[in-house]
Amino acid sequence: METSLSDYDKVMAGCIRCSNCKFIPALQVKSQKFSAICPAIERYNFHAYSGGGKMIIGQAMLRNRIEYTDELLKVIYRCTACGGCDIACKFFFELEPLEVIQELRTHCVESGAGPMPQHEKWIESIDLNHNPYGESHEERLSWLPKNIDLKEGSDTAYFVGCTTSYRRKEIAQATTKIFDKLDLEFTILGSEEFCCGSPLMRIGDRKDALELMQNNVEKLKNRGIKRILTSCAGCYSMFKVEYPRYLNTDFEVIHTSELLDNMLRNGKLELNKDVPLKVTYHDPCHLGRNSEPYTPWKGEMVKIVSRIYIPVPPKVIRRGTNGVYEPPRNVLKNIPGLELVEMERIKEYAYCCGAGGGVKSAFPDFALWTASNRIEEAKATGAEALVSCCPFCATNLKDAIREKGEIMEFYDLTELVLKSMGGSV
């Protein structure tokens with residue numbers, strides 16, 4: 001079901017400028033230092049950069065009160081689209097800041113004002129190379145280890161994703177080696193795997209994203225795929241949330257952390273080797289709060305009193321509580337010798353790594369600034385290593401660790417699981 005910015009007019013009108021979208025809810029705050037939820041407002045400190053600020057911009061745009069300028073586009077795109085503002089808002093209200101941000105970006109693109117110049121290169125590369133990095137499509141499988149037993153004709157596909165295939169090959173290698181050790185029957189799409197569409201959707205190029213998504217669905221169905229496994233949080237969110245929202249799909253979508261947790265609980269995965277390490281876990285936005293399925297709603301926002309609207313009939317509100325939070329933590333807790341300690345902002349209130357929404361490409365300094373904040377929070381736990389389940393988070397956090405000269409290590413969950421199984425990348 002496609003929507004437009006005008007569909008959110010009353011949602012935007014319902015914003016009371018309370019600024020709750022800038023911080024994690026007060027009841028969840030453990031310290032002032034780590035109380036922010038929105039990287040953009042914390043970095044730039046102008047209300048326009050907040051979720052509520054985007055509501056004001058959206059309304060002004062609808063009423064032709066403002067026009068797109070270079071500076072306005074920077075405000076709109078200096079946002080990781082992490083959804084932190086959305087979850088903080090919904091602690092008190094039932095508005096949709098993240099959906100407004102997405103519609104505002106789509107409006108930018110459809111009007112010809114956006115996206116940012118760096119994002120245009122993504123669009124061109126995805127069209128030519130089927131990935132946003134300008135890499136050769138023929139090299140998409142260069143990561144594949146020898147002797148991995150792929151089952152042609154299997155109805156389970158490991159959808160590797162662009163970032164894992166080209167930038168974080170160690171994650172793809174660890175994942176397939178784990179699958180092989182577990183005698184899990186699976187296949188990969190190989191040359192038929194194109195970008196999942198996440199980069200296009202996040203920058204507002206919904207038209208091209210939908211064409212790409214439709215192409216992927218046709219290929220998956222032609223191959224008889226019923227179950228999609230992915231180690232990428234961005235791909236997971238796309239297949240879990242966006243594909244069913246816009247297309248007729250019924251794939252079972254499973255993140256590797258969910259699969260490993262399930263196999264542990266069923267006694268099919270044994271972790272025997274000690275991994276003596278004190279770690280803290282970073283919740284990827286797209287695996288956590290943004291992975292809740294979208295439930296279609298047709299109704300009307302009805303005014304109760306001035307600036308207060310409620311949805312009639314009631315709608316299913318995505319509050320981020322049903323993200324993939326426990327599976328990766330349970331897997332880590334079952335690795336012998338490993339100690340898990342938590343940061344202050346976790347699960348639906350986790351602070352973004354800083355890479356998403358096109359920020360890593362268009363505003364790399366902002367991306368590294370945000371990642372540095374997250375690393376400071378990780379260091380405050382006393383952990384030796386930071387662990388996550390997203391190749392995009394991995395790239396940005398590793399970049400910041402290197403940029404800051406930190407001694408902290410970074411691991412994807414699959415790398416530690418493979419170590420405990422006696423293997424190595």
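Side chains are part of it too, since the values below use all heavy atoms of this structure and drop only hydrogens, waters and symmetry mates.
- In this view, F392 satisfies the ring-ring contact (aromatic ring centres under 6.0 Å, His included) rule with no residue, not counting sequence neighbours.
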Please table the atom pairs, donor to acceptor, closer than 3.5 Å between any side-chain atom in residues 109-120 and protein atoms at least two apart or in another chain.
{"residue": "S111", "atom": "OG", "partner": "H107", "partner atom": "O", "Å": "3.0"}
{"residue": "S111", "atom": "OG", "partner": "C108", "partner atom": "O", "Å": "2.9"}
{"residue": "H119", "atom": "ND1", "partner": "M116", "partner atom": "N", "Å": "3.3"}
{"residue": "H119", "atom": "NE2", "partner": "G358", "partner atom": "O", "Å": "2.9"}

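- Between F363 and K74, some side-chain heavy-atom pair lies under the 4.5 Å cut-off.
- Across every non-hydrogen atom of P391 and S231, the tightest pair is CD-O, 3.7 Å.
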Kindly list each side-chain donor-acceptor pair under 3.5 angstrom involving residues 58-67, sequence neighbours excluded, with atom names and distances?
{"residue": "R63", "atom": "NH1", "partner": "D9", "partner atom": "OD1", "Å": "3.0"}
{"residue": "R63", "atom": "NH2", "partner": "D9", "partner atom": "OD1", "Å": "3.1"}
{"residue": "R63", "atom": "NH2", "partner": "D9", "partner atom": "OD2", "Å": "3.4"}

Could you tabulate the donor-acceptor pairs under 3.5 Å formed by side-chain atoms of residues 169-182, not counting sequence neighbours?
{"residue": "K169", "atom": "NZ", "partner": "S142", "partner atom": "OG", "Å": "3.0"}
{"residue": "E170", "atom": "OE2", "partner": "R168", "partner atom": "NE", "Å": "2.6"}
{"residue": "E170", "atom": "OE2", "partner": "R168", "partner atom": "NH2", "Å": "3.4"}
{"residue": "Q173", "atom": "NE2", "partner": "W143", "partner atom": "O", "Å": "3.2"}
{"residue": "T175", "atom": "OG1", "partner": "I171", "partner atom": "O", "Å": "2.7"}
{"residue": "T176", "atom": "OG1", "partner": "A172", "partner atom": "O", "Å": "2.9"}
{"residue": "T176", "atom": "OG1", "partner": "Q173", "partner atom": "O", "Å": "3.2"}
{"residue": "K177", "atom": "NZ", "partner": "S424", "partner atom": "O", "Å": "2.9"}
{"residue": "D180", "atom": "OD1", "partner": "D149", "partner atom": "N", "Å": "3.2"}

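- Contact check for Y349 versus I87: side-chain heavy atoms found under the 4.5 Å cut-off.
- Without hydrogens or angle criteria, R345 side chain to Q28 main chain gives no donor-acceptor distance under 3.5 Å.
- With sequence neighbours excluded, no residue forms a ring-ring contact (aromatic ring centres under 6.0 Å, His included) with F92.
- Applying the salt bridge (Lys or Arg N to Asp or Glu O under 4.0 Å) rule to K22 yields no partners; only residues at least two apart in sequence or on another chain are considered.
- For the side-chain hydrogen bond (donor to acceptor under 3.5 Å, both in side chains) condition, the pairs that include at least one residue of residues 354-372, sequence neighbours left out, are K360-N396, K360-D399.
- Put simply, the side chain of E193 does not reach to within 4.5 Å of the side chain of N216, judged on heavy atoms.
- E409 meets the salt bridge (Lys or Arg N to Asp or Glu O under 4.0 Å) test with no other residue; sequence neighbours excluded.
- Using a 4.5 Å cut-off on side-chain heavy atoms (C-beta onward), L229 and V253 make no contact.
- Ring pair F159/F239: centre-to-centre distance below 6.0 Å.
- With sequence neighbours left out, the salt bridge (Lys or Arg N to Asp or Glu O under 4.0 Å) criterion links E406 to K379, K404.
- Salt bridge annotation for E377-K33: absent, with no cationic side-chain nitrogen under 4.0 angstrom from a carboxylate oxygen.
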For residues 412-419, which side-chain donor-acceptor pairs fall under 3.5 Å, sequence neighbours excluded?
{"residue": "D412", "atom": "OD2", "partner": "T414", "partner atom": "N", "Å": "3.0"}
{"residue": "D412", "atom": "OD2", "partner": "T414", "partner atom": "OG1", "Å": "2.6"}
{"residue": "E415", "atom": "OE1", "partner": "D412", "partner atom": "N", "Å": "2.8"}

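- E135 pairs by the salt bridge (Lys or Arg N to Asp or Glu O under 4.0 Å) definition with R167, not counting sequence neighbours.
- With a 4.5 Å cut-off on side-chain heavy atoms, M301 and V11 count as touching.
- Sequence neighbours left out, the pairs with a member in residues 252-283 that pass ring-ring contact (aromatic ring centres under 6.0 Å, His included) are Y236-H255.
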